[in-house]
Protein chains: 2
Amino acid sequence: MGSLSDIGLAAGINILSAIGFLLAFAFLRLQPINDRVYFPKWYLKGTRSSPRHSSNVVSKFVNLDCGTYLRFLNWMPAALKMPEPELIRHAGLDSAVYVRIYWLGLKLFVPIAMLGLSVLVPVNWTSETLEKTKALTFNDIDKLSISNVGKGSDRLWAHLTIAYAITFWTFCVLYREYKVVASMRLNFLALEERRPDQFTVMVRNVPPDPDESVSEHVQHFFSVNHRDYLSHQVVYNANKLANIVDKKKSLQNWLVYYENKHARNSEKRPTVKTGFWGLWGKRVDAIDYYKNEIEKLSIEEESERQIIMNDQKAIMPVAFVSFKSRWGAAVCAQTQQSSNPTIWLTDWAPEPRDVYWPNLSIPFFELTIRRLIMAVALFFLTFFFMIPIAFVQSLANIEGIERVAPFLRPLIEKKVVKSFIQGFLPGIVLKIFLILLPTILMTMSKIEGHTSLSGLNRKSAAKYYLFLFVNVFLGSVITGTAFQQLNSFIHQSANTIPETIGESIPMKASFFITFIMVDGWAGIAAEILRLKPLIMFHLKNSFLVKTDQDREQAMDPGSLDFASSEPRIQLYFLLGLVYAVVTPILLPFIIVFFGFSYLVFRHQIINVYNQQYESGAQFWPDVHRRIIIALVVSQILLMGLLSTKHAANSTPLILVLPVLTIWFHIFCKNRFEPAFVKFPLQDAVVKDTLERATEPNLDLRAYLKEAYIHPVFYCEAQSFGSMEEDVEEKNPLVPTKRTSRRGSPSNSKHASELGTHS
Amino acid sequence: MGSLSDIGLAAGINILSAIGFLLAFAFLRLQPINDRVYFPKWYLKGTRSSPRHSSNVVSKFVNLDCGTYLRFLNWMPAALKMPEPELIRHAGLDSAVYVRIYWLGLKLFVPIAMLGLSVLVPVNWTSETLEKTKALTFNDIDKLSISNVGKGSDRLWAHLTIAYAITFWTFCVLYREYKVVASMRLNFLALEERRPDQFTVMVRNVPPDPDESVSEHVQHFFSVNHRDYLSHQVVYNANKLANIVDKKKSLQNWLVYYENKHARNSEKRPTVKTGFWGLWGKRVDAIDYYKNEIEKLSIEEESERQIIMNDQKAIMPVAFVSFKSRWGAAVCAQTQQSSNPTIWLTDWAPEPRDVYWPNLSIPFFELTIRRLIMAVALFFLTFFFMIPIAFVQSLANIEGIERVAPFLRPLIEKKVVKSFIQGFLPGIVLKIFLILLPTILMTMSKIEGHTSLSGLNRKSAAKYYLFLFVNVFLGSVITGTAFQQLNSFIHQSANTIPETIGESIPMKASFFITFIMVDGWAGIAAEILRLKPLIMFHLKNSFLVKTDQDREQAMDPGSLDFASSEPRIQLYFLLGLVYAVVTPILLPFIIVFFGFSYLVFRHQIINVYNQQYESGAQFWPDVHRRIIIALVVSQILLMGLLSTKHAANSTPLILVLPVLTIWFHIFCKNRFEPAFVKFPLQDAVVKDTLERATEPNLDLRAYLKEAYIHPVFYCEAQSFGSMEEDVEEKNPLVPTKRTSRRGSPSNSKHASELGTHS
């Protein structure tokens, strides 16, 4: 399977579908009616107002300016135009550093590809081993790969040398990148405005005290042990209240829906069944019913609110403790408080938007049990999920389908269909599995008890990476081969794996090329189209929206889904590094993926995504570590591959590489990682001193008073959306004047470039 | 090899030699002339004076009181009598916790042995599989082991159940012990007197500053960033000076030697050759020569001292920074100072005696390079040291010796000699290798750049444990089997190792029993005899000692050699846990080792050893971790063994055990380890407050002024020995009156019990 023509067909299909998505995007984004779907970020910033205020009725919905259609690709240069410092101000450091991962991929693989294509491809092509031994089946891709080099051939030294070159080039790129990101983070933190989390520490596992309430106990403990103690905020267990509020919100949506329906057709009052999901039960008047229900819930909400405020048991053994200075908070966050290390656990408070409230009250011992259970669950999920994938993949080939459904044979045997099935189906099967997964993994991370959204995202990403590595990478390599070759190595010793994988790696190159095109190229093109938010926006717009504020709430900018997209990028790093020596012809496909993704995601973070929180690129150590893992895996597999090539005297030479790589990792970890987990005292003192000089009369206590209150208590009237606006309104870099587009010259300049109908 | 009679003979030899050592000890320690060798600790404490002041000339040297000989074993109950709190005061926490390791061995293995002997031995014995399959060679030990159980037998469930029981019992014992040791440490730290290291932080990698000296830079940095900054002490590079001082001391010893010689035989002036080691060169008058040399060195020393004091380059980028309070020091030690994590590295200062001065100035990058090189070196040392051991062991069996030296055949073929060779030689061969090793490993740790003696000891112990595990444990199991069996599995895949080892484990039981007797029983008995210090003391006494103070310096109490003895204990834990299920008959031998060692080491730390430093049991996490490693190894090997027994359906059941064990380790690590590496702020505040109340006028600056000065600068007149006395004289718990034995009732009571000639 997987001859060059198959690959060509698959490439054609995928390129066409990618172009289709891009054309659809280019067309849809120019329509004023979709403006809020494709440029929500600018609406949230307040620098873009609806283009639908124009006089012409038709042009409210459809763009009639033909000139803009001719320049339909100009979003691409526009996406690249915004310089990085401005990007950081505009979208936050997390987003800016996230797109640097794609950029890193380009920096890493372009030189490697040039080296591989200019050296290894000629070396492999001219070997002609496969043609001599005609017993084996092979294809054109194999002729370009290391498979074409004979056993014990001296040409393998070329591959070995290239492996060294790749390793050192990767070190070089990774080191520079870590250095740049670390300094970006430190710069970002140093330039940052005053924020509550700079002064605040999260204290967990406050020990119970028979004589004092939690609040008193916290106050006494910290005023004794920390001179800079200022105030604290206890945490209420408001999970039930939050549920009620959510439920009420959804009922209110339905009420609005029926009211709108009634307004349009005032003759007939809408009715609804009271039973499960409105499918059965008594039919009642919908508007009255929902008004009634909302009133009931309001009463319930009020009583729950009273219970929480007055019941001592609703106070959890957790507190946000604030200090008079950043220095005091930095000291408290980094030190151990009590001789019992399971109580008075202090850590930096996540920023208020980043707190994951439901997990705050888990005690220490329960936490360790939960993590054990989740580790075991992850193991089973990772290793026994392979069985269905292998099963479906075995069906999704020509012979499998013919066996299961013999009546399809005439159709399948047609050349085009056959190529389609072989080039397209295995990738699709894999893809469907992968869509289901991130939600499960996020739930598992929540059960593990992490207390910040950024932490949850990082932990889910780690799990997802493990899953992708075992199931997509190893699973595709081993299981696929196992069904292809007669000697299934389920019965082999579990320990000859590096050799077996190394041996089958070259054979799977064409499969992974198809995978890259389906998952990478077409997937990224689908990303920019935002099909789901587009549909949701128009549905909400038709049924729920009455005022401009409603419309603002209906647009869902979403945010970068770090937990599922970062591990997917890592898969491409892994494939690139593994195949760099084995089948360099795969690299151009990966480079196209990285380049295209860089473009698309830069566009998205400028125009669409609105991050829920800002962690200051805290995820970079994870990114770095996973690329290192990919590098080590590639070296071990190369060792296995070369040992099957009887180039055994090269083994010690390759063994040097993983040792060096692990050492490099430890070096980088010591050198840079503290910048991502600790806050140096020197910087804290500098900021404190500066602040004291510029604002000697600052009332810090008032500033911090309401910072860490559970969102449901924030204010009856304020909703989540307006909260985020509040935070942004405090940021003087982004003007909040809604009407004037000229508020911030740089922002509005970009907005006008990106939106063509200005 | 290794039948019951062989074992019996080996046991006899070893028990006899152990008893011989003990009798020699019992005799020698009663002689007044050896009193300073066997009770130096009490002399250093000042609660024991020389028994040689008696009137009778003979009784100065020989004990003539026959009654004491009859009670020659009474050191044993005496060693057990001192209660633990007093032991901690008397010998320090390090020593007290060190003997707890042996006690832990007893607590762990006595119940396991009872269980194993009462359940598994009958199960194994009655299986009679070995007798049925007569093709195999086997011995009596094998009949008591799991080898005697047939393949796929249901009896293996008994072993599985016992494995579970052992695992949970080990958890139970380890958890309780960790808890006790942690609370002992915290108690010890809380009750501790004021010590300079409580207020002091070691700062490394002070960045160079073009405008300021190191001292000014340190002062400015810390007075800005830490409000509690008090003072600091820069570190001079005095390695060369220290060498000169050492050399001078050795020359002085020679001078004294020749002066004594001359005094005894005043007719002839002693002469010496000036060349290499006094072997050749011009013959000169010895006393004049050494006086001359010492004078030259004194001048050199003085000029070097001047150079160091005046040269800016002699100041290393390291400083000991002291704070006004323990709180300030705790904060500084636990926080990051600068945004560049490779400069201004702060850590707790080791106590002054514990500092390893030569390593203080190594820069960050060099440190990582050094660690990489040492890691590679350790790998080669560990894995290629096996070749000589395997070679020598292959010679040290009957056939090997007969092949190399056929003329010895008539001697070897005698039954007693044969048993001796088989039972004794392999152990001895191993032992000789092991004696050479700790020094090499300590040198490697020094190259790695650790800055405290306690750290060096811990790191050397870790290396030594790796070495023992690979070479003694795995090396003996695999290599031995490889030479015994025809199918050498050097050609096997490297990955069937757990099964292969698991399979050969039962066969090596008799070898390890011999090893335990040679290394454990006889070795510990030799430990108490202190042969080397005994000889050295008498040599020095005859040639160098003129005054009582000289005699005090001549006695060398030594200290516990943690770096080499702890890993050796761990080897017994490993053997015990591995064989607990496989060959329970091995356990009684291990229990005897632990019990006997407990007795001997308790005696030694009470009467002999004088610790160089006090780390407050900081080594316990290492001890705990290694027992966990042993437990996991035992579980994996059991899994391998059972899979060769075709009890494959038990594999998942055993797989649960390592997972649980690793989880238990993580749990304990989180729960207890912070108590060993951090100093909680709450405790610091308590001690600070107490001190401020009791000693409001304390001049801390004066107290800390000379605490962290390189020992060679301390004082011209003071030597190391008197420094240690100084430290003890500050401790009010131990009275320093030399003449009155009744100064401290408890101490002198024990002294009089332990010394029989009071």
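Per chain, numbering begins at 1; letters A, B, ... match sequence-line order.
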Is B/K459 atom NZ crowded by more than 12 heavy atoms from other residues, nucleotides or ligands, each under 6.0 Å away? no
Heavy-atom pair count under 4.5 Å with chain B, highest-scoring of A/D228, A/L660, A/I662, A/L367: A/D228
From the list B/H226, B/Q336, B/R227, the residue making the most non-hydrogen contacts under 4.5 Å with chain A is B/Q336
Nearest non-hydrogen partners of A/W327 and B/N225, listed with the distance: NE1-O, 2.8 Å
Might you confirm whether atom NZ of A/K669 has over 12 heavy atoms from other residues, nucleotides or ligands at distances under 6.0 Å? no
Option that, when pairs with chain B are counted at under 4.5 Å, heavy atom only, ranks first among A/V224, A/L372, A/V685: A/L372
Quick one: side-chain contact (heavy atoms from CB on, under 4.5 Å) partners of A/I343, sequence neighbours excluded? A/P207, A/S338, A/N340
For the backbone of B/T368 and the side chain of A/W663, can you confirm whether one donor and one acceptor N or O come within less than 3.5 Å of each other? yes
The interface call for A/N670 against chain B, heavy-atom contacts under 4.5 Å, is both
Across all chains, not counting sequence neighbours, the salt bridge (Lys or Arg N to Asp or Glu O under 4.0 Å) partners of B/E216 are none
Heavy-atom pair of closest approach, residues B/V659 and A/V376: CG1-CG2, 4.3 Å
Considering all heavy atoms of both residues, which atom of B/S339 and which atom of A/D683 are nearest to each other, and what is their separation? CB-OD2, 3.5 Å
Using non-hydrogen atoms and a 4.5 Å limit, figure out which bit of A/F379 sits close to chain B: side chain, backbone, both or neither. neither
